[in-house]
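Have a look at the structure below before the remarks.
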Amino acid sequence: MSAEANKLLVIDGHSMAFRAFYALPPESFQTTSGQYTNAVHGFTNMLLKLIREELPTHIVLAFDLDTPTFRHQSYEEYKGGRAKTPEEFRGQIDLIKKVAEALTIPAVTVEGYEADDIVATYVTRAEAAGWETLIVSGDRDALQLVTENTKLMYPTSGISKVTVLDPAAVEAKYLVPPAKYPDLAALVGESADNLPGVPKVGPKTAAKWIAQYGSTREIINNAAEIGGKVGENLRAAVADVERNLELNLLVRDLEVPLDLEDAVLTPPDREAVEPLFDALEFNQIRDRLFEVFAARFPEADLSAEPTGALPQVTVASSAAELTDFLADHDDAPLALALCLDRSGESLSTKAKRDEAARLAEALAVVLVPAYESPDEAVQALAVPLVEADAELESALAAWLTEPGLPKLVHDYKDAGKRLAWRGLSLRGVVEDTLISGYLIQPDRRNFAFADLVTQHLGASTEPGDYVGGEQFRKKNDDGGQGTLFDEEPIPGVIEEDLARAGVHGMLLHSLSSTLHAELAERKAEQLLYELEIPLAEILLQMELTGIAVSREKLQNLDTEFQRTIEESAEAAYAVVGHPVNLGSPKQLQTVLFEELQLPTQGVKKNKTGYSTDVETLQDLLAKTQNEFLVHLMNHRDASKLRQTVTGLTEAVGDDGRIHTTYAQTVAATGRLSSLHPNLQNIPVRTAAGRKIRDAFTVGEGYETLLTADYSQIEMRIMAHLSGDQALIEAFRAGEDLHSFVGARVFGVGTDEVSAEQRSKVKAMSYGLVYGLSSFGLSKQLNIGVDEARELMNEYFERFGAVRDYLRDVVSQAKKDGYTATIYGRRRYLPDLTSDNRQLRQMAERAALNAPIQGSAADIIKRAMIDVDAALAQSQLKSRMLLQVHDELVLEVAPGEREQVEKLLVEKMSSAADLTVPLDVHVGAGSTWHDAAH
DNA sequence: CAGCAAACGTA
DNA sequence: CGTACGTTTGCTGG
C-alpha cells in the first residue's frame with residue numbers, strides 16, 4: 001500500500017463513549033447478568049460505520065487514564081464541577097477496550113496526559129508523513145488540529161448526527177482558523193473544563209481581537225489599548241487567560257507506546273470476538289462486524305478455526321442404499337435434518353418471508369450418525385422427498401414411523417409437520433434440542449439451533465468452518481452459491497444445503513449430550529421424556545387436525561361488525577365535525593384533549609402523552625357524558641372483533657379448518673402459546689365476542705364438540721402449595737370459593753355474602769396469584785388504598801398460610817435463584833437480587849406467579865398425555881383439538897360422547913395428586929360457543 | 001421496510 | 001404500582 005493512500009482514523013475514546021452513552025437508553029441495553037452495554041453498543045456501531053464508510057487504513061483509539069494529568073497539576077480546578085459519572089456507565093469503558101482488543105485496534109493511554117494529547121500526537125505524525133486523517137472527538141480542543149489533510153468529525157447530537165469539519169467549516173463556525181482556536185478558547189473560556197475566560201467576551205469579540213492582533217499573546221501585550229468594560233475585564237483576567245492558553249494547547253509530541261505505522265487496521269481476532277460478543281449479547285452487531293470486515297478484507301479468512309471434519313453427505317438413489325445405511329447403524333440414534341425449499345427467502349417483506357418459511361416444503365431428509373472422532377468425516381445419507389422412487393420412499397417411511405428407532409431432532413413438531421405434509425409420519429423422537437434448550441433456560445425467547453450451538457458448544461453451524469467445506473465459505477463478492485451445483489441430485493437442493501444439513505445433524509449429537517448433562521443437573525430429564533416430548537407428539541396431531549369453522553358465519557360476523565364500525569365512525573365524526581382516524585391514539589389525543597377540551601386531570605399518561613385506553617375513555621365518559629366517547633368505544637370494540645374475524649378467515653385452510661401452531665418453548669412459566677392464528681385469545685367475555693366462538697364448529701363425520709375445563713385451578717394450586725387449611729377446606733367442601741372466602745373475610749354466613757363482597761374477594765384471590773399490591777387492588781376495585789389494605793389484612797388474617805407461602809416462595813427463590821413447579825420445572829430469576837428496584841419487584845411478582853401458573857401448565861400437559869393415551873387405549877376416534885391453558889376442546893366421534901366425557905373427567909382430575917380435588921367441568925355442543933357451559 | 005408503542009383479546 | 005401470552009394498527013426513523 002502506498003503512503004499516499006494511508007488514512008488514519010483517530011478516536012477520542014472517552015468522549016465518544018460518553019456520547020454513545022447519552023444517545024442510547026441504558027435500560028434497553030442490559031445483559032442478562034445486569035451489565036449495561038448501551039455505550040459499548042453505540043461505540044461499536046459507530047466504529048463499524050466509520051470503518052465501512054471512511055475506509056481508514058490505520059486506526060488509533062485514545063483513552064484518558066483515571067490518574068491526574070499535567071493540567072490538573074497546574075490548575076487544581078481543571079474539569080472540576082463535572083457531574084459524577086452515572087452508575088450505568090461503570091465498566092463500559094473497559095468493555096469498549098476489550099472490543100477494541102478483539103478487533104485488534106490499539107487503545108492508547110499515556111500516564112499524565114489526556115486522550116486529546118494522544119490524538120494530537122498521532123495527527124501530527126500523520127501530517128508529517130503526508131497522510132490523510134479523520135479525528136473523531138466530542139471535545140472542542142480537537143478543533144485546533146484541523147488542516148486540509150486532517151478533518152474533525154464532531155457529534156452534534158448523540159452519535160448519529162455528526163458534522164465533518166475542514167478548516168473552512170471551522171472558520172465559518174468559530175470565526176477563527178483552526179490554529180487560532182486555542183487563542184479564542186482561552187479568551188472565551190471553556191465551561192466543560194471549568195476554565196473561566198474573560199467576562200463579557202464571547203466568540204465574536206475574541207475573534208475580532210484575534211483578527212486585529214494576530215494572537216492572544218499579542219492581545220495581552222496590547223491589553224492597555226483596549227477600551228471599554230471588556231478591556232478592563234481583559235486586563236483583570238490576564239492570569240486566567242494565560243493559564244487557559246497553556247492548558248488548551250494540546251501536546252503534539254508525546255512518547256506514545258505505539259508507532260503510527262503499527263496502528264494498521266487488520267482483520268479482527270475471531271477467537272476473541274465470539275466469546276466477548278456472546279457475553280455482551282451482541283448478536284446483530286456481531287454479524288455486521290464480520291460483514292464490514294469481510295468487505296474490507298476480501299482476501300482474509302475471517303472464519304473460525306475448523307472444529308472438525310465436514311460430514312460427507314451421499315444422496316440415496318435406491319431403497320437398498322437406505323436399508324444398508326440403516327443396517328450399518330443398527331438401532332443407534334440417528335440425527336435427522338431437513339433440507340427445505342428456500343425459494344421464499346428472497347421475498348420483499350419480512351412478513352412474507354416468515355410466511356414462506358413457515359410453509360416451506362421439505363425436499364430431503366438427511367440422516368446423520370453419531371461421530372467417533374470430530375476429525376473423521378461422518379458418513380451421512382440424504383433421502384430425497386421429491387422424485388424419489390416408490391421403494392425408497394416406503395423404506396424411508398418405515399424408518400421414520402417406527403417408534404422403536406431413535407431419532408434426534410431440533411424442533412420435532414416442525415419437522416413432523418413438514419413430513420406429514422408429504423404423507424410421512426415421524427415417531428421415535430428421543431431428543432428435541434429445542435425443548436431441551438427451553439427447559440434449561442425457559443425465559444429465553446430464541447432457541448434457533450445455531451444460537452444453541454454457539455452458546456452451549458461454542459461451535460459453528462457453517463459448513464465453511466469445517467475441514468473439507470472450504471468451498472462453502474462466503475466470499476465477499478458472494479452471490480455465487482449457485483456455482484456450487486455439481487449436479488442437482490435433488491431438485492431445489494444445492495450442495496451447500498446438504499452440507500448444512502450434515503453439519504446440523506452432526507452437531508445435534510453433541511448438543512444433545514451437552515444439554516443432557518445440564519438437564520440431569522437440574523433434574524429435568526423426566527420433564528423432557530415424560531412430559532414435553534410426549535406432549536409434542538400430541539400437539540403435532542392437534543395442529544395437523546385443526547378445528548372446523550363456518551366460513552359463512554365468519555362472513556356474516558364480518559358484515560355485522562363492519563356495519564357497526566361504519567355507523568359508530570360516522571356518529572363520532574358528527575360529534576367532532578370532521579373525520580379522524582379513530583384507530584390512531586395520536587389523533588385521538590388531539591381530538592379528545594384539544595378539540596373537545598375534555599378534562600386531562602387524573603388522566604393516565606404513556607410515552608406519547610395522554611392515554612386513550614378504555615379505562616381512560618370510561619372515566620372521561622363518567623365525567624363529561626360526551627357522546628363521542630361512546631361512539632369511539634363502540635368503534636374500538638367492533639374493530640377489535642372484526643380484526644379477529646378477519647384473521648380467522650384468512651387462516652382457514654383448504655380443508656375448511658383452522659390449524660394453529662402451539663409454541664411449546666415460549667412462555668417462561670411452562671404454558672403453551674398459540675400462533676398463526678392465536679386461538680387462545682378468542683373473545684368470550686362479551687355477547688358479541690361469543691358470536692365468534694359460535695363460528696367454530698364440529699367437523700364433518702363427528703358428533704359434537706366437547707369442552708372440559710379445570711375450575712379455579714390456580715387457586716387450588718395455591719391452596720395445595722400453601723397448605724392453608726381454610727382454603728383446602730373450602731375446596732373439599734365443594735362450596736363456591738369466592739362466597740366461602742367472602743364469608744370468612746367479612747365475617748358473615750356463606751349465603752349472606754353480597755354480590756359486591758364476592759366480587760371484591762374474587763379480585764383479591766386472583767390478584768394474589770399475580771403479586772397484587774394494595775395499591776393495585778385499590779385501583780382495580782375503585783376503592784381507597786386504605787380500604788384495600790384493610791381488605792388484604794382481613795384476607796390474610798383468615799388465610800394466614802397463604803401469606804406465609806407467598807412470602808416464603810420469594811425468599812426461597814432469592815436463595816435458590818429459581819422457582820419450581822410441582823413437577824420440578826424451574827424458572828431462573830436473576831433479577832431477584834437486582835439493585836434496580838423496578839426490576840427486582842418485577843422479578844418478585846414473577847416468582848410469586850411462576851410456581852402457580854407453571855404448575856397449572858404442568859397439570860394440563862400431564863392430563864393431555866393421559867387423555868390421549870386413554871383415547872388410544874379404548875380405540876376411540878374422538879380427538880383433542882385445542883388447549884386454552886385450563887381448557888381442552890375435543891371433537892367427539894359418533895356414539896363416543898359418554899365414554900369420552902367420562903374419560904376426560906377422570907384423566908384430568910387425576911393428572912396431579914393435590915391436597916384439594918381438581919374439579920373438571922364438561923360441556924357439549926355443535927359449536928365452541930354451545931359447548932361452553 | 002423494519003421495529004416500536006399502544007391497544008386489547010385470552011387464561 | 002397484577003402474571004403469562006399474540007396480533008394489529010399507526011407511526012417513526014433508517
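Letters A, B, ... are given to chains in the order of the sequence lines, protein chains preceding strands, and every chain is numbered from 1.
Residues meeting the salt bridge (Lys or Arg N to Asp or Glu O under 4.0 Å) test with A/Lys691, sequence neighbours left out: A/Glu560. Residues passing the salt bridge (Lys or Arg N to Asp or Glu O under 4.0 Å) test with A/Glu787 are A/Lys760, sequence neighbours excluded. Checked against side chain to side chain contact (heavy atoms under 4.5 Å, CB included), A/Ala448 has the following partners two or more places apart in sequence or in another chain: A/Asn446, A/Asp451. In terms of the salt bridge (Lys or Arg N to Asp or Glu O under 4.0 Å) criterion, A/Glu567 has no residue partners (sequence neighbours excluded). In terms of the salt bridge (Lys or Arg N to Asp or Glu O under 4.0 Å) criterion, A/Arg803 has no residue partners (sequence neighbours excluded).
The distance between atom CD1 of A/Ile860 and atom C1' of C/dC5, rounded to the nearest whole Å, is 15 Å. Going from atom CG of A/Asp831 over to atom C1' of C/dT3 covers 15 Å, rounded to whole Å. As rounded to whole Å, 14 Å separates atom C1' of C/dA4 from atom CG of A/Asp858. We find that NZ of A/Lys607 is positioned 14 Å from C1' of C/dT12, with the value rounded to whole Å. Taking atom CD on A/Glu355 and atom C1' on C/dT8, their separation rounds to 16 Å, with Å as the unit. In this entry the distance linking CD of A/Glu650 with P of C/dG6 reads 19 Å, nearest Å. Look at CZ on A/Phe561: it is 16 Å from P on C/dT8, rounded to the nearest Å. Taking atom NE2 of residue A/His676 and atom P of nucleotide C/dC5, one finds them 16 Å apart after rounding to whole Å.
For residues 662-684 of chain A, the set of pairs meeting the salt bridge (charged side-chain N to carboxylate O under 4.0 Å, His left out) definition, not counting sequence neighbours, comprises A/Arg671-A/Glu714. For the salt bridge (charged side-chain N to carboxylate O under 4.0 Å, His left out) condition, the pairs that include at least one residue of residues 635-648 of chain A, sequence neighbours left out, are A/Asp558-A/Arg642. Every pair passing ring-ring contact (aromatic ring centres under 6.0 Å, His included) that includes a residue from residues 826-850 of chain A is listed here, sequence neighbours excluded: A/Tyr818-A/Tyr828. Within the structure, every pair that satisfies the side chain to side chain donor-acceptor pair (under 3.5 Å) test and touches residues 837-848 of chain A, not counting sequence neighbours, is listed here: A/Lys814-A/Glu844.
No contact: A/Ala850 has no heavy atom under 4.0 Å from any strand. Backbone-only contact: A/Arg827 has heavy atoms under 4.0 Å from sugar-phosphate atoms and none from a base. Within the nucleic acid shown, A/Val884 comes within 4.0 Å of sugar-phosphate atoms alone, with no base atom in reach, counting heavy atoms only. Contacts of A/Ser774 with the nucleic acid, taken as non-hydrogen atoms under 4.0 Å apart, are absent. Contacts of A/Thr612 with the nucleic acid, taken as non-hydrogen atoms under 4.0 Å apart, involve only primed sugar atoms and P, OP1 or OP2. In this structure, A/Leu848 reaches neither bases nor backbone, as no heavy-atom distance under 4.0 Å exists between it and the strands shown.
Annotation: of the two residues near DNA chain C, A/Leu772 and A/Ala663, the 5′-most nearest-nucleotide partner is A/Leu772.
In this structure, A/His41 has its ring center closer than 6.0 angstrom to the ring center of A/Phe282. Between A/Tyr770 and A/Tyr766, the distance separating the two ring centers is not shorter than 6.0 angstrom.
In this structure, A/Thr669 does not reach the C/dA4 phosphate: none of its side-chain N or O atoms is under 4.0 Å from OP1 or OP2. Contact annotation: A/Arg845 side-chain N/O to C/dT3 OP1/OP2 distance is under 4.0 Å.
Extent of DNA chain B lying under 4.0 Å from chain A heavy atoms, first and last nucleotide in 5' to 3' order, is B/dC1 to B/dA11.
Using a 4.0 Å cut-off on heavy atoms, the residues of residues 580-593 of chain A that approach DNA chain C are A/Asn581, A/Gly583, A/Ser584, A/Lys586, A/Gln587, listed by number. Taking every heavy atom of residues 635-644 of chain A and every atom of DNA chain C, pairs under 4.0 Å involve A/Lys640, A/Gln643, by number.
A/Ser711 and A/Arg716 share a side-chain donor-acceptor pair at under 3.5 Å.
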